[in-house]
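Numbers for residues simply follow the sequence, beginning at 1. Just so it is clear, the values below take in all heavy atoms, side chains as well, and ignore hydrogens, waters and symmetry mates.
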Amino acid sequence: KLTDFGSNSKKKYLSSLIGKELPAIVEKRRNPDLRVVTNNFIHVKITNSSDFAKKDLGGKRITVKITELCNNFSQTEAPEALGTIIYENQ
């Protein structure tokens with residue numbers, strides 16, 4: 001099936017990003033979750049967001065390290081990966 005091929009290709013690509021540091025932009029905070037979008041349009045849920053809870057990072061440029069894939073990465077609006085903020089870009 002074409003959809004299986006696309007899903008497997010995306011998973012393979014996302015897997016290749018684990019451990020990589022990527023530039024990203026912080027989205028508006030949703031509930032307690034902090035999400036970012038990388039320069040190659042990967043949506044990442046931040047797992048160390050409590051470290052940045054008091055900061056308004058919406059729209060800020062940061063660097064994120066991809067730590068693992070999300071199980072539901074093929075669903076609309078779901079993050080494709082989990083990651084941690086390495087540092088805020090100035």
Side-chain angles (χ1 to χ4, degrees):
K1 272 180 154 177
L2 190 55
T3 55
D4 290 339
F5 175 75
S7 186
N8 289 336
S9 296
K10 185 174 184 177
K11 185 174 184 177
K12 185 177 177 180
Y13 173 68
L14 292 172
S15 294
S16 74
L17 298 176
I18 294 175
K20 303 263 185 243
E21 295 180 9
L22 303 169
I25 301 289
V26 178
E27 294 180 335
K28 289 182 179 178
R29 190 177 291 270
R30 295 181 183 191
N31 303 322
D33 295 341
L34 188 63
R35 288 180 29 150
V36 302
V37 179
T38 67
N39 62 342
N40 49 355
F41 301 101
I42 304 301
H43 292 85
V44 182
K45 179 180 174 182
I46 300 302
T47 58
N48 65 334
S49 62
S50 62
D51 297 346
F52 300 90
K54 296 189 189 300
K55 291 189 173 189
D56 180 18
L57 295 176
K60 302 270 189 204
R61 293 176 9 158
I62 55 103
T63 298
V64 64
K65 183 175 185 176
I66 306 298
T67 56
E68 62 184 281
L69 299 185
C70 290
N71 292 331
N72 57 349
F73 70 86
S74 61
Q75 295 178 3
T76 304
E77 293 293 315
E80 296 152 316
L82 301 178
T84 56
I85 294 176
I86 302 299
Y87 57 84
E88 294 176 61
N89 299 344
Q90 299 301 322

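Atom CG of Leu57 sits about 15.5 Å away from atom CZ of Arg35, to the nearest 0.5 Å. A distance of 9.0 Å separates OG1 in Thr84 from CD1 in Ile62, rounded to the nearest 0.5 Å.
Nearest heavy atoms, Ala81 versus Ile66: CB-CG2, 3.9 Å. Heavy-atom minimum distance, Glu27 versus Val37: OE2-CG2, 3.1 Å. Smallest separation of non-hydrogen atoms from Cys70 and Pro79: CB-O, 3.4 Å.
For Thr63 (side chain) and Pro23 (main-chain N/O), no donor-acceptor pair under 3.5 Å exists by modelled atom type.
Within the hydrophobic cluster formed by Ile, Leu, Val, Met, Phe, Trp and Tyr side chains joined at under 4.5 Å, directly or through other members, Leu82 stands alone, with no partner residue.
In this view, Asn40 and Tyr13, Thr38 satisfy the side-chain hydrogen bond (donor to acceptor under 3.5 Å, both in side chains) rule, not counting sequence neighbours. When the salt bridge (Lys or Arg N to Asp or Glu O under 4.0 Å) test is applied to Lys65, no partner is found at least two apart in sequence or on another chain.
One hydrophobic cluster, built from ILVMFWY side chains closer than 4.5 Å, cannot hold both Ile86 and Ile25; they sit in different ones.
Checked against Glu80 for a side-chain contact (heavy atoms from CB on, under 4.5 Å), the options Val44, Leu69, Ile42 give a single hit: Ile42.
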